[in-house]
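What you see is a predicted model; the values in this text were computed from it and never measured. Sequence lines set the chain letters: A, B, ... in the order given, protein chains first and strands last, and positions in each chain run from 1.
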There are 2 protein chains.
Amino acid sequence: MASQGEALRADAQHNRDRILEVAREALSANPDASLNSIAKAAGVGAGTLYRHFPSREALILGVYHKEIRALVDLVPELLTKHPPLTAFRRWCDRLSHYGRIKHGLAEVLHAAMTDRDFNESYGPMVAAIDRLLRAGEASGDFAPGANAEDVLLVLGFLWRIAPGEAGEARVARLLDLVIRGLRAR
Amino acid sequence: MASQGEALRADAQHNRDRILEVAREALSANPDASLNSIAKAAGVGAGTLYRHFPSREALILGVYHKEIRALVDLVPELLTKHPPLTAFRRWCDRLSHYGRIKHGLAEVLHAAMTDRDFNESYGPMVAAIDRLLRAGEASGDFAPGANAEDVLLVLGFLWRIAPGEAGEARVARLLDLVIRGLRAR
DNA sequence: ACCTGAACACCGTTCAAGT
DNA sequence: ACCTGAACACCGTTCAAGT
């Protein structure tokens, strides 16, 4: 559950890593892969998987934890290299990329928005967006007062665009629309 | 599958209606209600449910067919009574209302967007939005060229807002954002 | 032409028994 | 402290047998 609260016993740590490794592969091949099948492929009993990840969401969150982290850490970097508006845009592009490759992330973030247990990854995500919004506000590009949780919610469309050819263009069009909506008049 | 292609035999028609009636109730109590349980509650064999609705999506679409139809039919009415911009706004409010009451509609519309079988309800939906957009374009309120499918896609956030107290305000804020994004500069 | 309902393979989840 | 894996109740889906 916790990424590593107190050190796990060596075998437990090994199992945890192995489960995440197998789950990543299995889930990206098929987002609906059964937990039993993942446990079996990882060579652990079903109970072991449940001990480490008490729900499907917890497992997915475990798998994509690094990606979420990377996304959050990207914000300060983008803000030093680019003006706020393009920083926001780049960040959304990156978010879109993750969302489309890592199926299931969307559902998890959605669950995280209601479930109070998952704040560990949802919180930083919202904070990251908040930084981008405030920066845009300070530069006068964005209208003041935009809410980071709201923006994350709208950005959900990024995960519902099929990865196909037209997808790229659609993402661009829709991000334009959202950014126009955020802009100062 | 078809709402009523060629007339069904009397008993079949009766079963179909009964299934829809029970499914509406069961799904609104619990969006994940099992198809077996719905069949049982409707007093029909599992196979009968599958004969009428070959997939869960088809069933949900059957259940909410009337609501979707009503939504589509609302557009011309709104456009005669209101200027385009408020017509759009009112329509979105209504869409939001349906989405939050009738759980599962969102997933179905999403599926409908990829699956080519469901155009029967997705098509008219897109056409309805298109009318609203064109009207706003003609009046000079909306920037030209907005894509109706894109707009339906963004509006997906409407279904992911919890029905709670803060929900109403959130819907309002987010619709403002989208409308600002659509506006002519 | 349509319906029934048992049957199949599989699911998530639990929990006694092991080490 | 942690793991195993059989067991439970249930799922979606099919299909022989009925009318």
Side-chain angles (χ1 to χ4, degrees), chain A residues 1-27 29-63 103-104 107-108 110-111 115 117-118, chain B residues 1-23 25-27 29-63 103-104 107-108 111 115 117-118:
Chain A
M1 192 180 299
S3 26
Q4 61 239 62
E6 308 81 48
L8 291 171
R9 224 171 63 178
D11 56 342
Q13 182 64 52
H14 175 265
N15 277 336
R16 189 179 195 281
D17 294 345
R18 179 94 185 107
I19 289 168
L20 284 176
E21 187 185 329
V22 169
R24 171 178 293 269
E25 212 169 342
L27 288 173
N30 169 22
D32 299 323
S34 80
L35 299 187
N36 276 335
S37 75
I38 290 174
K40 181 175 287 185
V44 302
T48 300
L49 190 151
Y50 275 84
R51 161 177 287 267
H52 287 288
F53 306 100
S55 68
R56 167 173 280 263
E57 275 130 15
L59 177 60
I60 299 182
L61 224 47
V63 169
H103 319 284
E107 284 73 31
V108 164
H110 173 42
D115 260 307
D117 300 335
F118 292 129
Chain B
M1 190 180 304
S3 25
Q4 61 239 65
E6 309 81 47
L8 290 171
R9 223 170 63 177
D11 56 342
Q13 182 64 53
H14 175 265
N15 277 336
R16 190 179 194 281
D17 294 345
R18 179 94 185 108
I19 289 168
L20 284 176
E21 188 186 328
V22 168
E25 213 169 340
L27 289 173
N30 169 21
D32 299 323
S34 80
L35 299 188
N36 276 336
S37 75
I38 291 173
K40 182 175 287 185
V44 303
T48 301
L49 192 151
Y50 275 85
R51 162 179 286 268
H52 286 288
F53 305 101
S55 68
R56 166 174 279 263
E57 274 130 16
L59 177 60
I60 300 183
L61 224 47
V63 168
H103 320 282
E107 284 71 32
V108 163
D115 259 308
D117 300 335
F118 293 129

C/dG12, D/dC2, C/dC3: which one has an atom nearest the side-chain heavy atoms of B/Asp11? C/dC3
Can you tell which of C/dG12, D/dC3, D/dG12 lies closest to the side chain of A/Arg51? D/dC3
Nearest whole angstrom, please: distance from the [atom2] of [N] to the [atom1] of [X].
{"X": "B/His14", "N": "C/dT4", "atom1": "NE2", "atom2": "P", "value": "11 Å"}
{"X": "A/Gln13", "N": "D/dA1", "atom1": "CD", "atom2": "C1'", "value": "14 Å"}
{"X": "B/Arg16", "N": "C/dC3", "atom1": "CZ", "atom2": "P", "value": "12 Å"}
{"X": "A/Leu35", "N": "C/dC10", "atom1": "CG", "atom2": "C1'", "value": "13 Å"}
{"X": "A/Phe53", "N": "C/dG12", "atom1": "CZ", "atom2": "P", "value": "16 Å"}
{"X": "B/Leu8", "N": "C/dC2", "atom1": "CG", "atom2": "C1'", "value": "10 Å"}
{"X": "B/Asn30", "N": "D/dC10", "atom1": "CG", "atom2": "P", "value": "14 Å"}
{"X": "B/Arg18", "N": "C/dT4", "atom1": "CZ", "atom2": "P", "value": "12 Å"}

Less than 4.5 Å apart, side chain to side chain, heavy atoms only: is that true for [X] and [Y]?
{"X": "A/His52", "Y": "A/Asn15", "value": "yes"}
{"X": "A/Ile19", "Y": "A/Arg51", "value": "no"}
{"X": "B/Arg16", "Y": "B/Leu8", "value": "yes"}
{"X": "A/Val22", "Y": "A/Arg18", "value": "yes"}

Hey, could you give me the [atom1]/[atom2] distance between [X] and [Y], rounded to the nearest 0.5 Å?
{"X": "A/Asp32", "Y": "A/Leu27", "atom1": "CG", "atom2": "CG", "value": "9.0 Å"}
{"X": "B/Phe53", "Y": "B/Leu61", "atom1": "CZ", "atom2": "CG", "value": "10.0 Å"}
{"X": "A/Ile38", "Y": "A/Glu25", "atom1": "CD1", "atom2": "CD", "value": "11.0 Å"}

Taking DNA chain D as the partner, which of residues 36-49 of chain A come within under 4.0 angstrom of it by heavy atom?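 Contacts with DNA chain D under 4.0 Å: A/Gly43, A/Val44, A/Gly45, A/Ala46, A/Gly47, A/Thr48.
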Where DNA chain C forms stems, i.e. three or more consecutive Watson-Crick or G-U pairs with both distances under 3.5 Å: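 Runs of three or more consecutive pairs: C:4-8 with D:12-16, C:12-16 with D:4-8.
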Look at [X] and [N] and indicate whether a side-chain polar atom (N or O) is within less than 4.0 Å of OP1 or OP2.
{"X": "B/Ser34", "N": "D/dC11", "value": "yes"}
{"X": "A/His52", "N": "D/dC3", "value": "yes"}
{"X": "B/Asn15", "N": "C/dC2", "value": "no"}

Please say which of A/Arg9, A/His14, A/Gln13 ends up in a side-chain hydrogen bond (donor to acceptor under 3.5 Å, both in side chains) with A/Asp11. A/Arg9
Give me the atom names and distance for the closest heavy-atom approach of B/Ser37 to B/Ser34. OG-O, 2.7 Å
5' precedence on DNA chain D between B/Arg56 and B/Arg9 (nearest-nucleotide basis):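 Checking each residue's closest nucleotide, the 5'-ward one belongs to B/Arg56.
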